[in-house]
Amino acid sequence: MKIPRIPRPEIGSISLSAIVALYLLLATNSSFWAHASVYFVHARTSLLAFAAALYLALFAILTPLSVKYLMKPALVILILVSATAAYFADTFGIIIDRDMIGNAAVTTQAEASHLLTFSLARHLLVYAVLPSILIVWVRVRHRRFLPKAAVNFAFVSVSLLVGAGLIYANFATVAYALREHTDLMKRFNPSGPLIATVRYGLSTYRERNLVVRPLGTDAHQGARVAAAGKPVVVVVVAGETARAMNFSLNGYERETNPELKALGVVNYRNTTSCGTATAVSLPCMFSVYPRSQYSDWKARSTENLVNVLTHAGVSVSWWDNNTGSKGIADLISFASQTGRKNSPLCNNGECLDEILLGDLDRKLGAAISNSVIVLHQLGSHGPSYYLRYPAAFRRFTPDCRTPELMRCSTAELVNAYDNTILYTDHILASVARLLEKHQDRIAGAMIYMSDHGESLGENGLYLHGAPYVIAPKEQTQVPFIAWFSEPYQAAMGVDAGCLAKDADKPKSHDNLFHTVLGMMDVETRVYNRDLDAFAACTRPANKEHQPAPGYHAAQNGEPESSAPAARRKRDGRPAFCDFPLCLSHGRAVDLHQIW
Ligand SMILES: [Zn+2]
C-alpha cells in the first residue's frame, strides 16, 4: 500500500516572518508581559501601543533575514534562544542579563547538570522543537532578488514608521516605565539574552590583553604578629548562597545554628552583599574597591586581597569546593576539591563541604608560617539543595529531593534549604574547633561571609542573580560570622566581647578586604581602618597605622606603585589542579610535601 504523501504547505517569506514575530512575542514572553502589565498598570492604552510597537520592531528585524538558506536557520535559532530563556524566566523568575551569561560561561558541568531537567526538555520540545519542525517543513516562497529587496524595504519602513509613531504618541508613559524599570527590556525575548551575550562577549574580548596593576606592594606585617610567638592563621570561609534570614543566630525561628551558638561566635546581623551571583560577589569581596566603585573590569585589572597578603609575606592558599576562584587565586596556591576521586564525600564532580576539613586539620597541625587559608565552600548552592548535606543533617523533613523546584511544596523547599544551613553551621563550627585543637601551636581565627543570598519562591523568585537594583533582601542580606581562639585574641589584642556588642552595626562585603588585612596585622597604605570591621575592638599595637594619602588614589583605580604592571594571563580557567597535586605558576606542586 502506498503511503499518501502530505503535501508541504507553501507560505510567503513575509507572512512567515509575521507569524514567527507573533509567536516570539506571545509564546516566549510570559515573564515580560507579567511584569509589563504591572509596570503599565495605570496605562493600559500605552501598554497596547507598546506591545504593537514591539511586534512591528520584531517583524522589521525578521523580514530582512527572510533570504533563502538564511531564513530557516535564523528563525529556528531565535525560537530556541527565546524558548530557553523563557523557561528559566518563567520557572525561576531570573533575568538573562550579562552577568547571568557570565555565570553560565564559567559554570562547571556538575553545576549545569542540575538545571538540565526533564521539565526543561519538555518545555523545549513544545515551545522550540515543534515550531522549528513546522518552519523546516513548510515551503517558503521567495521573490527574485530585486523585487524581494523592494518589498522587504517597503514592509520594514512602514513597520518602523508606524512603530515609532505609536511610541511617540505614548512617549511619556513608555519612557517613564522603561527608565523606572530597567529590568523590563532585559526580560524581552529574544533581544534580552542576545544583547546580554554580545555584551558579555565584548567584555571578554576587552580582557584579552588585560594588564593587572600591583596593589599594596608596600604591605608588611606589624608588631602584633611579630610578637605572637606562634604562627597566626586566619581561615576565610567564602560561603555560597547562604541567606542571613535563615540563620537562627539572626532570629530565624528554626534552630539552624546549634553548633555556632554553642561555640559563641561574633555574628553580624545586618550585612549586605556586593552582588547577587558568585561571579560578581566573590571578586568584589576580595577587591579593594567598595561596592559603590566596583566594576568587573576594575577587579580584574587590579590585584586583590590575596595578592596584598602575599606582598606582606603571608602564605595564602585557596581551597575550592565550588566552581573556582573567578580569577582571584590565579597567582597563589590553588587546590580544587571537586575533581577528587574515591572519596565517600564526592559524587559526580561535586563534594560535600566536609571534604575541606581533613586537609585543614593536617595543614593546621603542620603550620609553620603566618597563613591565610581561603575555603570556598559549596554551601547552599541550588537548585539541588538536597545534595549539599549528608543524611545526618537531613533534620528538617520532608525535604525537596529534586532540582525541579516546582515539583516541591514551599515547605519542602525551605526544609531542604534549612538543612544546607544546618550543615554549613557544622562546617563553620568544625573549622573553629580545628583552630582550637591546634591552638597550642597556632593563633587561629575564622571569618565567614556568604557571597549572596537565595530566593525560595518569595514573589515568584527562585535561586539568585537578580539585577542588584531590583534584588530582594533574600538575595542581598548575607551572614557574616567571626570566631577567635584564645591565643589569637591574646596575641592580636582582639576583644570578642567588645565585637559582640558592636555586631548590630551595618556591615557589607566592603569590609572583608580591610578586615582580613587587619586580622593579619598587615600594614599598607591600601588598608582602610574605617572599613576594618574589628578595628574598633582591637587593642592598638605600639605604632598605630593610619591610611596614607595614597590610599584614596588606589581606591580610585590609580596605580599605586611605579613598579611595572604585571602582565598576566586571565582566561577565566583556574590553574589545573588534581588535589593534592597542583599546577601552580606552570610547575607541579605537591601540597602535602609543603605542609
Ligand atoms: Zn554564589
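Along the sequence shown, residues are numbered consecutively beginning with 1. Counting starts at 1 for both ligands and their atoms, in listed order.
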Looking at the Zn ion (ligand 1), is there an N, O or S atom belonging to T278 that lies under 2.8 Å away from it?
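Yes, T278 qualifies, because one of its backbone or side-chain N, O or S atoms lies under 2.8 Å.
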
E412/R401 salt bridge by N-O under 4.0 Å criterion:
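The answer is no: the pair does not qualify as a salt bridge.
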
Electrostatic pair K186:D183 at N-O distance under 4.0 angstrom:
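Salt bridge absent between K186 and D183.
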
Pairs satisfying disulfide bond (SG atoms under 2.5 Å apart), at least one member in residues 260-305, at least two apart:
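As it turns out, the disulfide bond (SG atoms under 2.5 Å apart) pairs with a partner in residues 260-305, which skip direct neighbours, are C274-C284.
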
Between NE2 of H452 and OE2 of E240, what angle is found at the Zn ion (ligand 1), rounded to 10 degrees?
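So the angle at the metal works out to 110°.
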
Taking ring-ring contact (aromatic ring centres under 6.0 Å, His included) as the cut-off, I'd like each qualifying pair that reaches into residues 407-430, sequence neighbours left out, listed once.
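Residue pairs with at least one partner in residues 407-430: Y385-Y417, F393-Y423, F393-H426.
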
N, O or S atom within D451 nearest to the Zn ion (ligand 1), by name:
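Sorting the N, O and S atoms of D451 by distance to the Zn ion (ligand 1) puts OD2 first.
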
